[in-house]
Amino acid sequence: MADDEDTDVPLIPELYKPAALLPIAQLRDQLLYTIETFPVTIVVGETGSGKTTQIPRFCLDAGWCADGKQIAVTQPRRIAATSVAARVAEELGTPLGQRVGYSIRFEDVTSANTQVKFVTDGLLLREMLVDPLLNRYSIIMVDEAHERSLSSDILLSLLKKVLRKRDDLRVVVSSATLEAERFLDFFTPDEGEKVHGKSKEDYGKIISIEGRTHPVEIQYLLEPTNNYVERAVDAIMSIHTSESPGDILVFLTGREEIDDCIDMLSDRIADQSPNHQKLLTLPLYAGLSTEDQMFIFQKAPPHTTKVIISTNIAEASVTIDHIVYVIDCGYVKLRTYDANLGIETLNIIPVSKASATQRAGRAGRTRPGKCFRLYPKTVFAQLEEATFPEIQRSNLAPVVLQLLNLGITNVVRFDYLSPPPSSLITRALDLLHSLGALAPTGHLTKPLGTRMAELPLEPMLARTLLCAATPAFSCLDEMLSIAAMLTLQGNAFVSHDGGKKQLDAARRKFAVAEGDHLTLYNVYEAFVKSGMSVAWCREHSLNHKNMVKAVSVRKQLAHYLSRFGVAASPLSSSDVLRVGGTPLAERIRRCLTAGFFAHAARMKSDGSFTTVDGKTTLWAHPSSVFFHRKAEWVVYTEIMETRGKVYVRDLSAVEMEWLVEAAPEYYRVRDGGRR
DNA sequence: GAGCACTGC
């Protein structure tokens with residue numbers, strides 16, 4: 001099997017099946033007819049239907065690339081784009097990167113001969129800045145659209161606009177059943193309206209493809225439970241003692257629950273007789289190092305049942321073969337954004353029916369399976385049909401900035417698949433205005449606003465980086481490293497052997513009194529000096545894969561800046577440390593203030609912080625140097641509420657005067673009693 | 001005092 005040998009891909013995708021055996025083969029002619037006839041085709045297909053690999057092949061064979069045009073297939077995740085491209089290339093018997101290729105951030109495996117290109121949806125969005133009508137493509141297929149990710153939603157809106165201008169383009173949207181009608185309605189013209197001579201009826205069509213999964217028997221609890229972790233342990237033990245042997249996948253919501261579950265399970269296993277079939281429990285969540293994640297793919301030893309206890313990562317991002325039993329707690333941890341407070345919150349909420357169905361399906365991939373839902377059937381009936389779209393619960397500043405840069409001036413009346421609440425858009429516009437990206441006319445400022453939009457960074461960080469290049473701050477080299485480290489979102493450090501103490505000790509070695517940003521800078525510098533060593537990372541509890549990613553991000557950011565014609569000021573090495581009498585470390589913190597002035601807080605005597613308006617109490621995240629140390633004013637780069645407590649991460653000590661200097665208007669208005 | 005679900009440019 002090709003997939004097993006594909007060492008570049010860390011997680012092994014679905015089992016290989018000969019193309020001709022897939023149910024989709026029988027639908028070939030109907031699919032091609034629909035794509036030829038209708039501008040929009042909605043394909044409804046379960047996982048395992050072969051739609052992602054076969055539809056591009058059919059279109060290729062039918063001549064959709066004859067005139068030098070390409071077929072693009074978008075994926076929400078990098079791993080999917082690369083692994084599916086590899087499979088299609090193999091099926092066609094061509095080397096990857098020739099007729100079939102992929103393009104993801106930092107990796108463009110395509111050539112002049114490429115006809116079918118797999119891309120992440122975010123990357124295709126960026127491509128629209130250069131080629132707004134996507135003229136090089138004859139067909140664009142948006143896969144996994146039912147996941148309703150921020151970028152696939154925006155992409156669909158933009159494709160609708162492009163279709164109004166290009167009658168030769170075909171759009172294929174692949175979706176789970178429940179959302180298909182919604183997608184079709186979105187694309188088709190209104191009643192009585194016509195687009196390129198086509199009315200609602202002849203503009204789009206839905207085609208269903210059956211999957212090839214095995215039946216999964218579903219069982220429910222009779223009564224609701226208030227402790228699903230305990231019930232999960234009960235269910236594991238009951239499968240272990242009463243069902244035929246088979247690997248088990250358990251869905252819980254987060255790391256702590258997973259650890260608890262494993263602890264409780266090991267207590268219960270200790271009671272078992274030694275000659276019984278054994279249980280091997282393995283945690284799975286994104287925060288684990290790659291090596292630890294790989295354990296789940298290893299075959300269990302003889303007479304051993306694998307029990308994988310996972311977050312939502314196993315629902316769509318990671319596919320594990322040979323799972324026979326699924327245990328679903330019925331909840332998921334989901335991020336929402338409070339536009340009034342500007343705070344993101346991680347809440348545990350009930351899953352949607354679509355999610356529950358997807359989770360259950362994980363049991364039937366290789367043979368008939370069973371799914372145990374840790375809630376009553378009546379509860380399932382009341383679940384939402386689909387997960388709340390990301391666009392309705394996110395900080396929209398990055399999206400709004402991107403739309404404005406694409407020339408969409410009225411972001412309020414933009415044709416969203418699901419319009420976000422206006423408070424989210426207003427908040428985003430306010431922020432962009434305060435950062436100087438937005439002119440009073442509603443257009444992006446030039447060059448600041450357009451440059452901020454082009455950088456693959458959130459707006460506050462983009463502005464910080466652009467400020468770093470100005471003579472007053474002169475700290476571009478340093479800020480590039482800091483920005484790259486910040487994109488790791490707190491995942492620079494990792495505990496290799498589960499030792500929390502070791503991790504904290506490693507962190508302390510790099511810590512400096514000025515705060516977390518300069519600490520991150522020290523980590524980056526030390527990593528590069530180590531020769532990007534794996535052993536060095538292990539010794540210092542650092543995630544090597546992520547550190548390498550920071551190096552790539554830094555390179556990409558530097559490339560953008562040089563394209564803007566922005567470079568580090570040509571200071572001789574003796575001048576670098578002081579500019580106009582200001583030391584480097586202070587310039588860096590002043591520069592951070594210029595981008596993150598809206599994220600200021602003041603420390604109280606008990607070690608907690610208050611926001612500038614005095615309304616919210618914040619706590620330094622335990623990973624921050626200010627978890628132990630004192631400061632007065634700080635700016636922070638990230639804020640998130642978990643379990644009723646608001647945590648800030650990545651803090652730097654600043655002076656009140658710097659805040660007023662950085663944003664006199666912002667702070668004056670606040671003193672005047674806004675909000 | 002004690003901790004981030006998951007993606008992506």
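A note on names: the letters A, B, ... follow the listed sequences, proteins ahead of strands, and every chain is numbered from 1. As the structure is a computational prediction, the values presented were derived from the model and not from experiment.
The side chain of A:Leu123 sits closest to B:dC9 out of B:dT7, B:dC9, B:dC4. Among the nucleotides B:dC4, B:dC9, B:dA2, the one closest to any side-chain atom of A:Arg126 is B:dC9. Of all nucleotides listed (B:dC9, B:dT7, B:dG3), B:dG3 comes nearest to the side chain of A:Arg507. For A:Arg105, whose side chain is taken as the heavy atoms from C-beta onward, the closest listed nucleotide among B:dA5, B:dA2, B:dC9 is B:dC9. The listed nucleotides are B:dC9, B:dC4, B:dT7; the one nearest the side chain of A:Thr642 is B:dC4. Distances were taken from every side-chain heavy atom of A:Met640 (C-beta onward) to each of B:dC4, B:dG3, B:dC6; the shortest belongs to B:dC4. Listed candidates were B:dG8, B:dC6, B:dC4. Nearest to the side chain of A:Arg77 is B:dG8. Residue A:Arg643 has its side chain nearest to B:dG3 when only B:dG8, B:dC9, B:dG3 are considered. Residue A:Tyr647 has its side chain nearest to B:dC4 when only B:dC9, B:dC6, B:dC4 are considered. Among the nucleotides B:dC4, B:dA2, B:dC6, the one closest to the side chain of A:Asp504 is B:dA2.
Considering CG of A:Leu401 and CD of A:Glu458, their distance stands at 10.5 Å, rounded to 0.5 Å.
Residues A:Thr290 and A:His544 have side chains that never bring a donor and an acceptor to within less than 3.5 angstrom of each other.
For A:Ser149 and B:dG8, the shortest distance from a side-chain N or O to OP1 or OP2 is not below 4.0 Å. For A:His621, no side-chain nitrogen or oxygen approaches OP1 or OP2 of B:dA2 to under 4.0 Å. Between B:dT7 and A:Ser151, no contact under 4.0 Å exists linking OP1 or OP2 to a side-chain N or O. Distances shorter than 4.0 Å separate none of the side-chain N or O atoms of A:Lys500 from OP1 or OP2 on B:dA2.
Judged by atom type and distance alone, A:Arg255 does not reach the base of B:dC4 through any side-chain donor-acceptor pair under 3.5 Å. For A:Glu638 against B:dC4, a side-chain-to-base donor-acceptor contact under 3.5 Å is present.
A:Thr617 has its side chain within reach of A:Lys604: a pair of non-hydrogen atoms, C-beta onward, lies under 4.5 Å apart.
Classified by interplanar angle (parallel below 30°, tilted 30° to 60°, perpendicular above 60°), the ring pair A:Tyr416/A:Phe414 is perpendicular. A:His621 and A:Tyr647 have perpendicular rings, their planes meeting at more than 60° on a 0 to 90° scale where under 30° would count as parallel.
Here A:Ile104 lies in heavy-atom contact (under 4.0 Å) with sugar-phosphate atoms only.
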